[in-house]
Each structure stands twice: as C-alpha cells, then as structure tokens.
Amino acid sequence: MTVRVRFAPSPTGELHIGGVRTALFNWLFARNQGGKMILRIDDTDQQRSSQKFLQTILDSMQWLGLGWDEGPRAGGDFGPYFQTQRLTIYQEEVKKLLDSGKAYLCFCSPEELARQKEINAQKGLPPRYSGACRNLSYQEIEEKKKAGQNYVIRLRVPEEGETVVEDLIRGRVTFENKIFDDFIIVKSDGFPTYNFASAIDDAKMEITHVIRAEEHLSNTPRQQILCGQLGFSTPVYAHVPMILAPDHSKLSKRHGATSVQEYREMGILPEALINYLALLGWSPGGDREVINIEEMIALFSLDKVGKNASIYDLKKLTWLNSHYLRTKEKELIGEMMVPFLQKEKMISGELTEEEKTYVEQVVDLVREKVKTLQEVADASIYFFSEDFPYDQAEMAKHFGREGAELVIKEIGNTLSDAEPFQKETIKLKLKALSDNLSLPLSKINIPARLALTGRTMGPDLLDIMTLLGKEKVLQRLKKAELLCQGR
RNA sequence: GGCCCCUUCGUCUAAUCGGUGAGGACACCAGCCUUUCAAGCUGGCAGCAGGGGUUCGAAUCCCCUAGGGGUCACCA
C-alpha cells in the first residue's frame, strides 16, 4: 500500500512556522516512503477564510520547496481538494447517519448553549452539551422545522466504553467515551465541522497516515468514533509536538515574526528555514546540524520525532541563515537580492548582465558580515549610491581630529598614482603612506573606509576600493576632505 | 475544573538491551587570527524538575508530587 499523507491548512491566516513544520514532516515522510503528499484546503469556516490567505499559503509552500502531488494547482484523482467543494459528499454521509439514528437535529440556539455552559461552570462541571434535543420526537422536529428554527446536526456519541488512539509518536492513548458529549457535525449554515469533514476526507482520499500537531490529539477519538459510525477504517495517527513561543505560550501574532511570509521578507533563505524547522522536534542522529533536503529525506523517520513541545529560537535560525548565505552560490544569492535591492531603491528595472555581475560581486563581499538578505541590502548602500549616510559619531571621532583632512588628502594623492588600480598596488601605496607619515596602518585605513563607505566596519577595504573603482574612490576622498573642513 | 500529552544545559537536541567523566549545536564569555567588523579556530560556562521505589547498578523501568502545554467552539 502506498503511503498517502496530507497537509490540510485552513485559509484563515498566513502559514505560520508551526504549520510549516507539520507540512515539512508530512512531506519528508512521504518522500522517504515513496508516498504521495496531498494538499487539502480546510475552508469550511465561511467567516474567516479568504482567497488572499489561500494564495499566501500556496506561495509560501512553493517558496519553501514543499511541493504536493495532489491538491490546488496540481489536481489529482481524489478531488476536489477544497472542502467547500465537497459538500455533496458530506451531505451523503450525514443522510446515512441521520437515517440510521446515529445523528440527530439539535435546535438549541447558541444563546441557550452558552447559558447551559455557564450553569455547568458555576456548578464546577465540564462545559458539555445537555442532550436536550437528543430524543425529540419526529413530530417535535417537524414542528420546529416548520417554525423555521435553525438547527445543527449532532452525532449521537456512545456513553459506554472507551476509544483508543494508537499514535505513532505517543503510543497508546485511551479516552473514556463518557467524557464526550454529542458534538456538532454540521453547522447551522449547512457546512460540516472540522472533525466531521476531516474524518470523511481522510477516508475518501485514502490517507494512510495523519501527521498533525498535538493540539489535535484530543480531537482524535471523536474522529475515530465518527469513522466507526460511518463504517470507515481509521488512518494511522502521528501527533507531532507543538512549537511554542519563547514565553512558552501558543504561537500568536503578538510574538513577532511567526509566518513564513515574514521570514521571507526579512531575508531568511528557504533552506535555512527548512533546516531550522526540521531540527525542531526531530533529530537526524549524530551531531548533524546543517543538513540538506536530500539527506533529510533519506534520514527522516517518525520514531525519531520527539514528544515534547519545543520553543523556537530566532538566534539559531539566524545562524543557519548566515551559514547558507555565505555558502550558497553567489549567482543565486544575487538573484535573491533583487527584490531587496529594488525595495531599497538601490536598483530599478531589469538588470543588465553587467549589473548582475556587479550585484554578485557586492554580495560576495558583504555577505560575510551579515545574517540576512535584508542586511546584505542595508550593508550595500554605498555600492549603489553616492548619497549614502555617514555615521555621525564616527565622523566626529575620525574626521574631527587634528590633521584628519591632511591624511585624507594624502590618501587621495597616493591612490591617484596607483596603477593598475588593484589590490596589490593599492596595498603597497597605503603601506608606503603609513611609513612616510609614521602612522599605524589603521590610522589610514579607518578614515579611508569612513570616507568611502560612511562607516568604520565592513568588508575588506582593498576589495571595496577595487570594486568601486579608482574614479569613485578619489571622488569620495575629495568629498571627505570637505567634510573634514566643515567639522 | 474534567480529560489528554509532556519534562536532559537559557534554547534545540544526543545518549543501541538500564553500566557515559551525560555528547553536540545556537547563545554567552575568553583567547588566537586580523587593516575594521564579521567569519574561522581553540578553550570555558551551563542540564538529567523533585521525591520515593525496583536493581549490584537508573537520565533510561514503576509510583507519587510539582511544573508546562493541549483540549473540552455552529475555529480548524
């Protein structure tokens, strides 16, 4: 039997890192097992679902390289892959349950239910449904329907016995059936609830393994009961641990960057995010930290997934990102830089081949010093514009000093003779100048760097000079002379 | 509150059948390197939640306590 797994996001928000990690584990498992990855859209929440979120989720998945074999944009034999397009399938199953008395209509209004819950809460009882409509007569039902009363459909849950979930990660988990009340399977708007639609779709789509977050573990017995009533066999379950925010609470917007989209905009590389997320809750064994996707696929197995929730730590993500930033081909990083450079107005329009090469050279110099693509852009301004900012504090320190102007002037003089204008010749010139002026090399390099870049830290000075070219270097040194005078 | 899950350095984690000086990574600190800042290299700090058992021997098995998380929605 071929493995079929599914990732079933609901388009009610952006794809967050918890969701991606779940998607990743599904994807790795499918690839490792030679199985299929299905993407299903659980969009039964009419109020909150939106087309915009759907697009973002699909884009995020594709950006990360987590492709799917069946689903939106891919098609497949088990469609449709949107729950809102599967209504007739659910209706068919509802009818069976209703006809056999395994489900019933409930006319209690949300207000009534809320009141019941409040009463229960006051008595210290769990907030469960009273069962008021459990045994309505046929006549009562017809009357209420005729009166136009809204209703939901509830599943009649057996009060005796227990339901056992055999979880690949947690082991055997037992629930007493009496703790469940008759839960809703069809909402008053006619749409199925999550537990209902999910159980049906997993069965109809022939999903073999349901790999999802631990928050669903408590829902699993309900789905198993449903499968039993529906006559479906249950898939194998694997509940992966949750990802928690640094304050140990459940992830939410107030925790800063939590969506894939945000990391992308920040300049995190997809492979860094994947690598980081893979290490959260799973270990490839040994002392591996940096691991590429092919190795992950080869090594992935659910029994190496841990049981405890993990807290995400941006520092490690950032470290991995700087690693990939530094080691990936500069041509590829150059391409990825384009939107960032455009955003900062450092480039515009289509790049010529020459410009592409220049961007790559800049990237190659700057990336050693920073951790994200955005930081590459921030650290590259002086390579793209004459109108770059000068660090005021450093200016005061290095240009405000007695004799600063003279040093800058001397640097300009000596460099104007540097021919060809290359690292070795420049190096010799600067060294000679340091000897002539009896100044340590740093007293020359630092002002020069400040003059050329507006800051005192950055890539190798000689590399900056050669990439900028003689003309710009001399021009900026002239400008710096004036800045010294105007102190 | 009921039910369920979980508990190894600050964080992510490793430790085949119980026998380890409890290993690695990020972060942090120090040194080296160095024209700046990084990177890199070397070293350091730091952990088995607590208590009972079982055993010659427990991070590992059992029980209790504590703590954290999840769930109990006409959200998924």
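Predicted, not measured: the structure shown is a model, and the values here were computed from it.
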Out of [options], whichever nucleotide has its closest atom nearest the side chain of [X]:
{"X": "A:Lys315", "options": "B:A76, B:A27, B:C75", "value": "B:A27"}
{"X": "A:Ser218", "options": "B:A76, B:C3, B:G70", "value": "B:G70"}
{"X": "A:Lys371", "options": "B:U35, B:A39, B:C74", "value": "B:A39"}
{"X": "A:Arg326", "options": "B:G40, B:C12, B:C4", "value": "B:G40"}

Query - P gap between B:A58 and B:G53, integer Å - result: 12 Å
Could a donor-acceptor pair under 3.5 angstrom be found where the side chain of [X] meets the base of [N]?
{"X": "A:Asn219", "N": "B:A76", "answer": "yes"}
{"X": "A:Glu214", "N": "B:G70", "answer": "no"}
{"X": "A:Ser188", "N": "B:C74", "answer": "yes"}
{"X": "A:Lys307", "N": "B:C5", "answer": "no"}

Requested in this report: Establish, yes or no, whether a centroid distance under 6.0 Å links the rings of A:Trp282 and A:Phe300.
Outcome: yes
Query raised in the report: Mapping A:Asp460 and A:Asn308 onto RNA chain B by nearest heavy atom, which one lands closer to the 5' end?
Result: A:Asn308
Report summary line: Between A:Thr12 and A:Arg170, whichever has its closest RNA chain B nucleotide further toward 5' is A:Arg170
Report task. Identify whether any heavy atom of A:Ser283 sits under 4.0 Å from a base atom; if not, whether one sits that close to sugar-phosphate; answer base, sugar-phosphate or nothing. Result -> sugar-phosphate
Report task. If B:U42 has a Watson-Crick or G-U wobble mate with both distances under 3.5 Å, name it; if not, just say none. Result -> B:A30
Query raised in the report: Which one is paired to B:G67, where only Watson-Crick or G-U wobble pairs with both distances under 3.5 angstrom count?
Result: B:C6
Requested in this report: On the 0 to 90° scale, with breaks at 30° and 60°, tag the A:Tyr237-A:His239 ring pair as parallel, tilted or perpendicular.
Outcome: parallel
Query raised in the report: Are side-chain heavy atoms of A:Gln46 and A:Thr84 found at a separation under 4.5 Å?
Result: yes
Report task. Give a yes/no verdict on a cation-pi contact between A:Arg326 and A:Tyr324, requiring under 6.0 Å between NZ or CZ and the six-membered ring centre and an angle within 45° of the axis. Result -> no
